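Here the structure comes first, spelled out in structure tokens, and everything after it is commentary.
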Protein chains: 2
Amino acid sequence: MSQIRIRSKIWLEVDGQPFLGDGRYRLLSAVQRNGSINAAAKDLGISYRKAWSRLQAMEESSPFPLLERRVGGKNGGASQLTPEILDLMERFKTLRIQVNDEADRCFTACFPEGANRC
Amino acid sequence: MSQIRIRSKIWLEVDGQPFLGDGRYRLLSAVQRNGSINAAAKDLGISYRKAWSRLQAMEESSPFPLLERRVGGKNGGASQLTPEILDLMERFKTLRIQVNDEADRCFTACFPEGANRC
DNA sequence: AAATCGTTGTGCGAAATTTGCATAGCGATG
DNA sequence: CATCGCTATGCAAATTTCGCACAACGATTT
């Protein structure tokens, strides 16, 4: 008896290129929460290289700046998100929840009850 | 002025493992439509190796058989889908459309009109 | 003004994954 | 019993991902 579940996912595209999805949302959140790319990477358990590459790729296709970076200085540097991306993230979060809930509703309608036996 | 769009995607999981999404749906459809894995691969413009690998991976985690294969014989062989997977594909298709529509609705609500300038 | 410290930024090789070529096995048909 | 086109698979090449190691930076401290 196998358990069947639905998963859903949304993302925003800018000019046809993937721009903001769950992964990038989590990464950006971690940067804001921790105050630096480095701390965010440690928080998420990924290498700094990986976190930086992702942010780099994202920023290249972004119509507006994502990060305000500070290199050097007292604590070596820091990074924080721009208001533009914070606003977009907020809207994305709302969309994400709404679509996800709808997916669950449709699923239980389409697989009434014990659809989980096969 | 960058154009922002929403994209959505759903997939079904069996015991926590991805089972049926858009890619596999298209591949399975092509098999059914063309009557063989080989013809399906040509139809989709991918190698037979690739098509076969995907179906193999899918079948390994499937609670029921996906394909009825015939090796050898008049035309070398053939493959067609089992009733179980055809049924699941039908439901998936419905879900897919419903969730996608909902995503579009939420998007236009959340990004009222010219959200496409940044 | 020189040393320190923890960031950002990057080159490059290693590791993992994907891809497809090439070939074996199969069996109804003629 | 030879043929033909399909399924099935080993293996190497190509591509992508990954992370180590190190350079640059600048406010603070000494």
Side-chain angles (χ1 to χ4, degrees), chain A residues 9 11 17-62 64-82 84-86, chain B residues 9 11 17-62 64-82 84-86:
Chain A
K9 175 175 188 175
W11 67 99
Q17 294 297 316
F19 181 63
L20 180 60
D22 281 345
R24 288 177 170 184
Y25 181 93
R26 277 194 299 274
L27 176 53
L28 291 168
S29 296
V31 171
Q32 189 71 357
R33 193 167 58 244
N34 293 282
S36 76
I37 300 176
N38 201 339
K42 288 195 179 83
D43 188 2
L44 297 178
I46 62 176
S47 66
Y48 171 83
R49 189 71 172 85
K50 189 170 178 178
W52 183 87
S53 296
R54 288 186 182 176
L55 291 170
Q56 181 66 12
M58 189 175 179
E59 203 144 35
E60 273 173 11
S61 72
S62 177
F64 52 79
L66 301 178
L67 296 172
E68 289 166 8
R69 296 153 146 116
R70 234 184 49 215
V71 178
K74 180 182 182 181
N75 294 317
S79 295
Q80 62 178 0
L81 304 188
T82 61
E84 289 96 323
I85 189 61
L86 283 171
Chain B
K9 176 177 188 172
W11 67 98
Q17 294 297 316
F19 182 62
L20 181 60
D22 280 346
R24 288 178 170 184
Y25 181 92
R26 275 195 299 274
L27 176 54
L28 290 169
S29 295
V31 170
Q32 190 69 359
R33 193 166 57 244
N34 294 282
S36 76
I37 300 176
N38 202 337
K42 288 197 180 83
D43 188 2
L44 296 178
I46 62 177
S47 65
Y48 172 83
R49 188 70 173 85
K50 188 170 179 179
W52 183 87
S53 294
R54 288 186 182 174
L55 291 170
Q56 181 66 12
M58 188 174 178
E59 200 144 35
E60 273 174 9
S61 72
S62 176
F64 51 80
L66 301 178
L67 296 171
E68 289 166 6
R69 294 152 147 118
R70 234 185 50 215
V71 178
K74 179 182 181 181
N75 295 317
S79 294
Q80 62 178 358
L81 304 186
T82 60
E84 290 97 322
I85 189 63
L86 284 172

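What you see is a predicted model; the values in this text were computed from it and never measured. First the proteins, then the strands, lettered A, B, ... as listed; each starts at 1.
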Exercise for the section: Give me the residues of residues 65-72 of chain A where at least one heavy atom lies under 4.0 Å from an atom of DNA chain C, by number, or none. Expected result: A:Arg69, A:Val71, A:Gly72

Exercise for the section: Round to a whole Å and report the spacing from NZ of A:Lys74 to P of D:dA27. Expected result: 13 Å

Exercise for the section: Carefully, step by step, assess A:Leu20 and A:Leu28 under the rule side-chain contact (heavy atoms from CB on, under 4.5 Å). Expected result: CA-CA 10 Å; A:Leu20 180 60; A:Leu28 291 168; 4.1 Å; yes

Handout entry: Phosphate-side-chain proximity, A:Trp52 and C:dT8, N/O vs OP1/OP2 below 4.0 Å
Key = no

Practice task
Considering non-hydrogen atoms only, spot the tightest contact between B:Pro65 and B:Thr82 and give its length.
Solution key: O-OG1, 2.8 Å

Fill in the blank from the handout: Minimal heavy-atom distance between A:Leu27 and A:Ala51, with the atoms involved, is CD2-O, 3.8 Å

Problem - Value in whole Å for how far the P atom of C:dG6 lies from CG of A:Asn75 - result: 8 Å

Practice task
Before giving the answer on side-chain contact (heavy atoms from CB on, under 4.5 Å), spell out for B:Ser53 and B:Arg49 the whole-Å C-alpha distance, their side-chain angles and the decisive distance to 0.1 Å.
Solution key: CA-CA 6 Å; B:Ser53 294; B:Arg49 188 70 173 85; 2.7 Å; yes

Problem - N-O pairing of A:Arg69 and A:Glu59 below 4.0 Å - result: yes

Handout entry: DNA chain C contacts among residues 27-51 of chain B, heavy-atom distance under 4.0 Å
Key = B:Ser47, B:Arg49, B:Lys50

Practice task
Determine, step by step, whether A:Val31 and A:Leu55 satisfy the side-chain contact (heavy atoms from CB on, under 4.5 Å) criterion, reporting the C-alpha distance in whole Å, the side-chain angles of both residues, the deciding distance to 0.1 Å, and the verdict.
Solution key: CA-CA 10 Å; A:Val31 171; A:Leu55 291 170; 4.2 Å; yes

Problem - Which residues share a salt bridge (Lys or Arg N to Asp or Glu O under 4.0 Å) with A:Glu68, sequence neighbours left out - result: none

Practice task
Take atom CZ of B:Arg54 and atom P of C:dG20, then tell me their distance rounded to the nearest Å.
Solution key: 10 Å

Handout entry: Integer-rounded Å distance: D:dA8 C1' and B:Glu60 CD
Key = 13 Å

Exercise for the section: Indicate, with a heavy-atom threshold strictly under 4.0 Å, whether B:Gly73 touches base, sugar-phosphate, or nothing. Expected result: base

Practice task
Output yes when B:Asp22 and B:Lys9 qualify as a salt bridge under the 4.0 Å nitrogen-oxygen rule, no when they do not.
Solution key: no

Practice task
Name the nucleic acid region contacted by B:Ser53, choosing base, sugar-phosphate or nothing; use a 4.0 angstrom heavy-atom cut-off, strictly under.
Solution key: nothing

